[in-house]
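Proteins come first, then strands; the chains are lettered A, B, ... in the order of their sequence lines, and each starts at number 1.
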Amino acid sequence: MWFRRDLRLADNPALLAALADGPVLPLFVLDPALWRPAGPTRRSYLAASLRSLDASLPRGLTLLDGDPVRRVVDAARAIGAGRVHWAADYAPYGHRRDEAVAQALGEAGIEVVRTGSPYAVAPGRVRQPSGQPFRVYSPFQRAWRAHGWRAPVAAPSGGEWLRLEEDTVAVPDAPVPDGLSVPEAGEDAARRRWAAYLERLDSYAARRNDPGADATSHLSPHLRWGEVHPRTLLADLEERTSRGAAAFRRELAWREFYADVLFRHPESAREHLRPEFSRMRYDEPGERLAAWEEGRTGFPIVDAGMRQLRATGWMHNRLRMVVASFLVKDLHVTWQHGARHFMRWLADGDLASNAHGWQWTAGTGTDPAPYFRVFNPTGQGRKFDAAGRYVRRWVEELSDPTLVPDPHEPDQDTRDLVGYPAPIVDHAFERREALDRWQAAR
DNA sequence: TGTCCTTTAAA
DNA sequence: TTAAAGGAC
């Protein structure tokens, strides 16, 4: 018996059964494609998550580095495993890679048991009556709720674990670099965070779009790395009737919707879901992309979001939309460049949610915002960060209210005084340009 | 989970 | 002069 440990201990009946059967080899494939491009924040979080997982196992975690297709098959052979439990509907590296591994195992004569999902409802299960997948969020959300899900299961106890001594790598040490901070990782941290957040949940609906209020749960990294299961959250939400609880459940539904879309369209992790957008003219990324990545565009709300990302490995959801809109529609850079930057730095970066969040903003994806919905970065700042709390916190140059009375649109003298850059583009002009290019491509 | 411009109507 | 409402993109 051998188990690919993409899923953590919680809420995995197949893993519990395997434990009762014993012996089990817990394995986490540390795919270089996942690890090496990671920036310091993502890398630190993942390392801490792995260490936490390692500490929770009776005999330790096995990591494999290198080509996952070859390594997984080699590891299964090394312990003489005739059967492998495979979380095949979880695609941390993309479904193509997962399919390649599953196929290689099959060719090696090893039985593959598909099991487990980090989603309440496994991708592919919620369908229209015709059998077709949903392409629009709202009807998906209704069908998803109607479909339902089973209750979370209790944490396991007992069982026997094996450790593969050869061909393994140590759990990596990736300390958080000076000046940066990342969320605390691990299942215990996830449980504590959720318990604390339940006290504030009822105000979620009213405050979730105010980035300065920091009123969101910050559970996304825990969900991403399997440290808490959405069924656990949904079971607790079911007992509550507040608007906040309902709004939080709808956000979980977005995560499941995008997982379903990626499952149905594996290529959409990197390509436009709507192929007609291949006719759109985009600019080659250059200095403007670098300015966006480093938070020096001269648009305070954009720079605040980009700096929060690099400092903490996390960005408020409202800001993810604002900075994405800015990159695609003000700088005319394809969403793939932005998605790649997010995946390098986000501790919670998830292939499905990231790619389709970007495609939504870019207008190339499922249930897209019409392309003419262009965020005005200054207007978004004034509307959602009215007091300027968020901008002042993350853009140090603008932090002093006596020097900078209007942090969302400081005048040129103020910018010179505090050393904050002038806007790299004229938003009104670039908005027009984006709409013109869209018209030309239609 | 958009923005902008025009129209209309209350002042 | 301002704000609300509505249509276009």
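OP1 or OP2 of dT1(B) has not a single side-chain nitrogen or oxygen of Q380(A) nearer than 4.0 Å.
The structure places OH of Y45(A) at 3.5 Å from CD of E227(A), a figure rounded to the nearest 0.5 Å. Atom CG of L46(A) and atom CZ of R224(A) lie 8.0 Å apart (nearest 0.5 Å).
Between the NZ atom of K329(A) and the C1' atom of dG2(B) there is a distance of 9 Å, given to the nearest Å. Rounded to a whole Å, the CG atom of L435(A) is 12 Å from the P atom of dC5(B). dC9(C) atom P lies 9 Å from atom CZ of R442(A), rounded to whole Å. Summarising the geometry, the separation between CZ on R432(A) and C1' on dA8(C) is reported as 11 Å, rounded to the nearest angstrom. The nearest whole Å value for the distance from the CZ atom in F372(A) to the P atom in dC5(B) is 16 Å. Remark: P of dT3(B) and CD of E433(A) are 20 Å apart, rounded to the nearest angstrom. Distance CZ (R431(A)) to P (dA8(C)): 15 Å, rounded to an integer number of Å. Atom CE in M321(A) sits about 8 Å away from atom P in dG2(B), given to the nearest Å.
Each of R51(A), R191(A), R192(A), R193(A) was checked for a salt bridge (charged side-chain N to carboxylate O under 4.0 Å, His left out) with E184(A), and the lone residue meeting it is R192(A).
For N376(A), the listed nucleotide lying nearest its side chain is dT3(B); candidates were dC9(C), dT3(B), dT1(B). When the nucleotides dT1(B), dG2(B), dC4(B) are ranked by their closest atom to the side chain of H427(A), dC4(B) comes out on top.
Residues H356(A) and S268(A) have side chains that bring a donor and an acceptor to within less than 3.5 angstrom of each other.
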